[in-house]
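A short write-up of the structure that comes next.
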Amino acid sequence: MSNDRYNPREAEPRWQRLWDEQGIFTTANADPRPKYYVLEMFPYPSGRIHMGHVRNYTMGDVVARYKRARGFSVLHPMGWDAFGMPAENAAMANRVHPKAWTYDNIAAMKKQLQSMGLSLDWKREIATCDPAYYKHQQRMFLDFLKAGLVERKQSKVNWDPVDQTVLANEQVIDGRGWRSGAPVESRELTQWFFKISRFSEDLLAALDGLERWPDKVRTMQRNWIGRSEGLLVRFALDTATTPNGEGELEIFTTRPDTLFGARFMALSPDHPLAAAAAKNNPALQAFIAECQRTGTAQELIDTAEKQGFDTGIRAVHPFDPSWTLPVYVANFILMDYGTGAIFGCPAHDQRDLDFVNKYGLGNTPVVCPEGQDPASFVITDVAYDGDGRLINSRFLDGMTIAAAKEEVAVRLERATLGNRAVAQRQVNFRLRDWGISRQRYWGCPIPIIHCEVCGVVPVPAKDLPVRLPDDIEFDRPGNPLDRHPTWKHVACPQCGGKARRETDTMDTFVDSSWYFARFTDPWNAEAPTDPAAANAWLPVDQYIGGIEHAILHLLYSRFFTRAMKVAGHVGIDEPFAGLFTQGMVVHETYRKADGSFASPAEVTIEADGEARRATLLIDGEPVEIGSIEKMSKSKRNTVDPDDIIASYGADTARWFMLSDSPPDRDVIWTEDGVQGAWRFVQRVWRLVATAAPHLPAPGTPMTANGHIGAKALRMIAHRTLADVSDALERLRFNTAIAKLYTFVGTLQEVVNDPIRHIETDPVYAAAAREAFEILVRLVAPMMPHLAEECWGALGQTGLVSQAPWPTVEPDLLVEDTMTLPVQVNGKKRADISVPRAARNSEIETAVLALDAVKRALDGKPPRKVIIVPQRIVNVVG
RNA sequence: GCGGACGUGGCGAAACUGGUAGACGCAAGGGACUUAAAAUCCCUCGAUGGCAACGUCGUGCGGGUUCGAGUCCCGCCGUCCGCACCA
């Protein structure tokens with residue numbers, strides 16, 4: 001019996017060094033074996049990894065190691081999402097250069113990742129802030145510009161007047177800038193846009209083909225893209241009432257069936273007709289200004305009352321020239337959806353109903369639910385948007401909604417106003433173009449020059465990359481590029497005249513929209529990709545990351561891949577064939593008497609029977625054990641991966657991250673759980689070290705047939721092998737681990753009592769060797785260091801990281817006798833053991849002879865006996 | 001408001017396409033070893049009745065389909081997530 005403990009502190013760095021020296025995780029593009037590309041979302045170099053990274057990268061590493069053992073040429077790279085605001089904030093706070101800060105962080109985090117024992121190909125490492133990377137991004141910007149996929153236009157943005165920059169919607173909290181706390185203004189700025197909406201239809205349709213994506217993510221993207229079919233309808237205007245004799249107003253509707261329920265028209269405050277009407281109407285001007293001031297804050301939008309202002313303009317109903325409708329400007333109409341104008345049908349739209357109830361415009365129900373008497377169907381406070389038949393609608397009466405929509409469309413397509421059809425079918429999308437301009441220093445420069453004579457001029461390809469200047473000042477808010485003394489001044493590439501550089505940089509989501517493609521040929525100095533290499537590796541077979549990127553990053557990447565295809569850099573549409581979104585790492589919180597939080601490292605927990613009590617280590621002050629929350633600095637409930645790896649080793653951390661909870665759900669980090677994983681590490685080592693001296697040499701042939709004990713052991717080993725393989729294929733790490741616990745329990749029995757068995761019985765010992773070798777190889781993807789150590793102890797000279805996955809012998813999965821549960825009337829009463837080959841009639845006789853069955857049947861004859869092969873017997877009495 | 005997911009012991013959870021509910025882990029309790037502790041090993045562990053054999057109940061609640069439902073269907077309740085004035 002070996003009493004030596006396994007010491008990960010000594011063993012883990014030793015194996016990491018050896019793997020590195022032998023370069024066994026380096027991947028060659030020329031490898032002829034079938035490919036497998038596994039990728040985890042690359043980290044932002046904040047300076048330290050957190051437990052979420054440990055979980056994410058462990059999962060990817062298990063897949064990589066498993067697929068490698070299965071004979072695939074595995075691409076498993078890592079890089080850094082290295083541009084972004086935190087580097088600039090650090091520069092402002094600590095007077096460090098963003099570049100130095102970023103590269104220091106990269107070095108620190110790389111060391112941490114390496115201590116996890118990840119099987120990464122570090123030769124392909126990239127950082128998005130490297131000019132060798134962003135050079136190609138700039139080139140693609142120009143490619144896209146040429147292909148008509150980039151546009152420069154005015155748009156409304158969230159402007160932080162203190163930091164003097166545009167903020168993304170998610171950076172605006174309660175109407176204030178997340179950093180400065182200043183009220184955010186709505187500004188019109190000229191911005192660069194990627195025309196993602198060009199691909200709306202395709203991005204939506206292709207979701208159906210992404211079968212290895214979570215339904216949840218696909219649903220979220222579907223909703224985000226937001227396709228709706230409707231009708232563009234041109235209403236004639238009474239020119240006597242319009243400011244400049246305007247003759248028509250175009251609206252978009254998805255409910256043309258409710259046209260006879262119309263009570264008013266409404267314009268967005270940003271609509272040109274609203275502006276025209278306001279020109280000589282100060283009250284309307286004031287109303288519009290008030291609407292625009294409300295801005296983008298969600299809370300305000302939620303609580304804002306529906307408000308409108310009658311412009312005095314009158315529109316004519318398309319089916320009845322004598323029927324006119326008032327045209328309002330209303331605060332709830334968005335300019336950038338549809339045409340920025342609607343017709344209001346209050347009976348069947350809650351917003352319109354709220355509106356008319358405020359202004360006393362009344363309503364007419366035009367859709368009556370089935371089974372309701374139309375005569376008594378009245379709408380007061382709740383609009384009806386369900387199914388039904390048309391009423392109060394002249395020629396549409398009695399039709400279904402679908403039929404009425406079609407009838408209206410057909411009639412209005414035929415009708416004319418001016419010389420054009422009154423209506424036209426249109427598909428609308430919620431998805432807007434992607435504004436990528438940021439007034440920031442630490443980002444990829446947009447390769448454009450503005451010339452006073454030539455206008456907007458692309459930077460010539462030979463002048464790429466447009467490098468960020470290093471000599472910048474962060475003493476003031478705003479964009480340092482814009483106030484740099486020399487950088488932006490440049491000669492126009494076309495006329496040679498005075499010109500200035502674009503000082504905006506790209507949204508950092510652009511950087512992460514193509515890194516997965518760059519990994520396929522990261523050394524390429526000439527082009528973003530080698531299309532041959534990219535097409536060979538892509539799509540990523542398994543992408544793993546957090547659900548928080550369900551829309552933005554994943555949608556942008558899908559767009560970017562299509563745009564890269566247009567520009568000839570790749571030949572595919574979809575970047576990620578398989579997507580897995582892992583859950584968060586959560587931990588209890590500890591609250592001190594003064595309301596502040598204590599960190600797990602500062603408290604000690606005592607179990608007092610059923611109850612648990614927490615006290616501060618430093619002075620024994622009791623602390624309250626609070627709710628379980630996502631690990632965060634503010635709640636101070638974080639656990640530092642460095643500490644865990646230093647005291648337990650990477651294998652323990654990896655194992656714990658995978659056990660207990662299903663990988664897509666949150667996992668609760670507990671000290672007890674880590675202890676359990678640690679115990680298991682030691683247990684495996686003890687078992688292997690104890691058994692190894694008694695096992696025959698590696699490669700001893702198997703002659704187990706006929707040997708009861710050896711056959712049984714082999715069957716368990718192969719059953720475990722089959723189950724674990726299946727679980728890993730489906731990323732069910734927690735169930736794979738449960739099977740391994742059970743298997744180790746079995747091997748414990750083998751070693752415990754009948755240890756003489758292994759020593760004296762060569763057939764049994766050979767089976768035990770096989771079982772141990774299977775165990776070590778099954779454990780290897782999850783605990784690679786321990787597995788190497790055990791592999792050596794078993795007398796193997798190679799690396800288990802390079803050993804092939806064991807092969808299942810199908811014969812060993814088939815039981816000779818099977819134990820069937822026996823039910824009477826659906827309730828389990830007994831078990832019965834029958835030979836595998838038993839006929840149903842034999843089983844039935846044996847079952848009916850059971851005491852428990854007779855008792856349950858109370859002496860009566862059975863009405864029916866159902867035998868489900870291999871599964872169950874149910875006697876119906 | 002719209003959309004989606006989920007609800008199983010003290011806790012995290014398992015249960016393939018309807019077929020033994022609670023595998024495995026954690027916690028808890030008991031035992032062995034030890035002067036003692038740690039470590040390790042063994043046993044018990046859904047509720048309830050019974051000395052026991054054994055029985056009854058049990059997968060959020062109420063119905064239904066089925067020989068058989070955690071799983072399928074209908075209606076509720078609750079939790080979480082996403083989107084949100086999208087016409």
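Lettering follows sequence order; numbering is per chain, from 1.
Regarding contacts with the backbone of B/C41, a side-chain N or O of A/Arg683 is found under 4.0 angstrom from either OP1 or OP2. Of the side-chain N and O atoms in A/Lys827, none sit less than 4.0 angstrom from OP1 or OP2 of B/U20. Put simply, A/Tyr337 has a side-chain N or O that comes within less than 4.0 Å of OP1 or OP2 on B/A87. Side-chain nitrogen and oxygen atoms of A/Arg732 include at least one within less than 4.0 Å of the OP1 or OP2 phosphate oxygen of B/A15. Close to B/C26, at under 4.0 Å from its OP1 or OP2, lies a side-chain N or O of A/Arg679. The phosphate of B/C26 has neither OP1 nor OP2 within less than 4.0 Å of any side-chain N or O from A/Gln675.
Among the nucleotides B/A14, B/A87, B/A21, the one closest to any side-chain atom of A/Lys828 is B/A21. Among B/C83, B/A39, B/A13, the nucleotide with an atom closest to any side-chain atom of A/Asn734 is B/A13.
Residue A/Thr742 is the one, among A/Thr742 and A/Gly745, whose nearest nucleotide of RNA chain B lies closer to the 5' end (criterion: closest heavy atom). Nearest-nucleotide positions on RNA chain B place A/Ser659 closer to the 5' end than the other of A/Ser659 and A/Val875.
Nucleotide B/G3 is matched to B/C81 when pairs are restricted to Watson-Crick or G-U wobble geometry with both distances under 3.5 angstrom.
For a distance-only test at 3.5 Å, the side chain of A/Lys739 fails to qualify as a donor-acceptor partner of the base of B/C24.
Taking 90° from 0 as the syn/anti boundary, the base of B/G9 is oriented syn.
Across the protein-nucleic acid pair, A/Phe355 atom CZ and B/A87 atom P stand 18 Å apart, rounded to whole Å.
Backbone-only engagement by A/Arg829 is indicated by non-hydrogen atom pairs under 4.0 Å involving sugar-phosphate atoms exclusively. Among the atoms of the strands shown, none is found under 4.0 Å from any heavy atom of A/Gly226.
Ring pair A/Tyr359/A/Phe355 is tilted by interplanar angle, where 30° to 60° counts as tilted.
Relative to the six-membered ring of A/Trp224, A/Arg430 meets both conditions, a distance below 6.0 Å and an angle of at most 45° to the axis.
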